[in-house]
Amino acid sequence: MPTRINAADFNLAATLECGQAFRWSRGADGWYTGIVGEVWWLRQTGDILEWDCSREPARGREGTATGPRAGSRLQHYLSLDHDLSAIVATFPDEPHLRAAVQKHWGLRVLRQEPWETLASFIASSTKQIVQIRQIVANLARRFGENDAFPAVETIARASLPELQACKLGFRAKYLHAAARRIDRGEIRLAELPAMEYGRALEELLKLDGVGDKIANCTLLFSCGHDEAFPVDVWMKRALKRLPAGTTFGPYAGWAQQYLFYHERTATELN
DNA sequence: CTCCAGGTGGCGC
DNA sequence: GCGCCACATGGA
């Protein structure tokens, strides 16, 4: 029986489809399926968010168990603990950004698992989103337990040809080297969320194949560093529509994601 | 066939 | 510091 949560100022479809996560798929019945440690099912109808997962212990009956404890992991993952209106109020007052926010109102920046996020974005360079999804799915199917994203040590122990078979191309060596360094404890992903942003960025940039863009994606989409501001080809286009030198404030990453998704949906490319 | 994709590192200048 | 370019792979 799914847990039901009242989720105001939330847009599940935009949040899961805006390009920050690569493992969610929408079924014909409106349920989204993904893996967050275990399998999750999510569906939104108006302000009602339904959540089910494969491992959660039984919760009373008739789906009435909507206490804070039952959904705390969900609230954290979806950043439902943020006040969206307050975040948007910190954005620069600019027509193009306003339009993006209005169009996709309720989009929230996720807090995903850092290793999966870093690995996914290492795989992302000069790839289309549909291809990135395929690569991540290949990695999970080939190396993961129960189709979960493979652990750091699993990738660290994998051979380069095995990784190549997942269609990583020239990125395979970067992913492998990153896994090995993280597995050895040279880079501690678990410490990134509590680090100051600039320091966390520096830490990720130590990894070969991780530049400014991939590092910022990791910090924004998995570490709660809301000021992280990834700039890719789509963002370069979007930024041309704004006055030069526009600054975005402490939630720059959220503004970035609205602009990014607006840019992509406006040109209706996939 | 050519061009491009949620980039990055190495090179020459 | 800048501007090119290679890097694998598949879709348009």
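To find a chain, count down the sequence lines: A is the first, B the second, and so on, and within it residues start at 1.
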Considering only the [atom1] atoms, how many Å lie between [N] and [M], rounded to the nearest integer?
N	M	atom1	result
dG10(C)	dG9(B)	C1'	23 Å
dT8(B)	dG11(C)	P	24 Å
dG3(C)	dG6(B)	C1'	22 Å

Original post:
Which pairs, with at least one residue in residues 173-184 of chain A and sequence neighbours excluded, count as a salt bridge (charged side-chain N to carboxylate O under 4.0 Å, His left out)?
Top reply: R181(A)-E186(A), R184(A)-E186(A)
Original post:
Which residue pairs satisfy the salt bridge (charged side-chain N to carboxylate O under 4.0 Å, His left out) criterion with at least one member in residues 145-165 of chain A, sequence neighbours excluded?
Top reply: R23(A)-D147(A)
**OP:** Using the six-membered ring wherever Trp is involved, compare the ring planes of Y261(A) and H104(A) and label them parallel, tilted or perpendicular (cut-offs 30° and 60°).
**Re:** tilted
Subject >> Other residues, nucleotides, ligands: >12 heavy atoms within 6.0 Å of D29(A) CG >> reply: yes
**OP:** Give a yes or no on this: more than 12 heavy atoms of other residues, nucleotides or ligands lie within 6.0 Å of atom CZ of R188(A).
**Re:** no
Original post:
Should R237(A) be listed as having a side-chain N or O under 4.0 Å from OP1 or OP2 of dA5(B)?
Top reply: yes
Original post:
Looking only at N and O atoms, is any donor in the side chain of Q131(A) or the base of dG6(B) less than 3.5 Å from an acceptor on the other one?
Top reply: no
Partners of [X] by ring-ring contact (aromatic ring centres under 6.0 Å, His included), sequence neighbours excluded?
X	value
Y32(A)	none
F229(A)	F248(A)
Y197(A)	none
F143(A)	none

Original post:
Is there a residue in residues 210-217 of chain A whose heavy atoms reach under 4.0 Å of DNA chain B, and which residues are they?
Top reply: V210(A), G211(A), D212(A), K213(A), I214(A)
**OP:** Under 4.0 Å from any atom of DNA chain B, heavy atoms only: list the residues of residues 96-109 of chain A that qualify, in numerical order.
**Re:** none
Subject >> Residue pairs passing the ring-ring contact (aromatic ring centres under 6.0 Å, His included) test where at least one lies in residues 154-186 of chain A, sequence neighbours excluded >> reply: none
With heavy atoms under 4.0 Å as the rule, sort [X] into base, sugar-phosphate or nothing.
X	answer
G209(A)	sugar-phosphate
L220(A)	nothing
F221(A)	base

Take the protein atom [atom1] of [X] and the nucleotide atom [atom2] of [N], then report the distance between them rounded to whole Å.
X	N	atom1	atom2	value
D208(A)	dT8(B)	CG	P	11 Å
Q257(A)	dG6(B)	CD	C1'	9 Å
I122(A)	dG7(B)	CD1	C1'	12 Å
Q256(A)	dG6(B)	CD	C1'	9 Å
I129(A)	dA5(B)	CD1	C1'	10 Å
F22(A)	dA5(B)	CZ	C1'	12 Å

Are [X] and [Y] ion-paired here, with the side-chain N under 4.0 Å from a carboxylate O?
X	Y	answer
E203(A)	R199(A)	yes
R264(A)	E17(A)	no
R237(A)	D232(A)	no

Original post:
Sequence neighbours excluded, which residues qualify as side-chain contact (heavy atoms from CB on, under 4.5 Å) partners of R133(A)?
Top reply: F22(A), S25(A), I129(A)
Original post:
Which residues, if any, of residues 162-189 of chain A bring a heavy atom under 4.0 Å of DNA chain C?
Top reply: K167(A), G169(A), F170(A), R171(A)
Subject >> Boundaries of the chain A footprint along DNA chain C (any atom under 4.0 Å from a heavy atom) >> reply: dC7(C) to dG11(C)
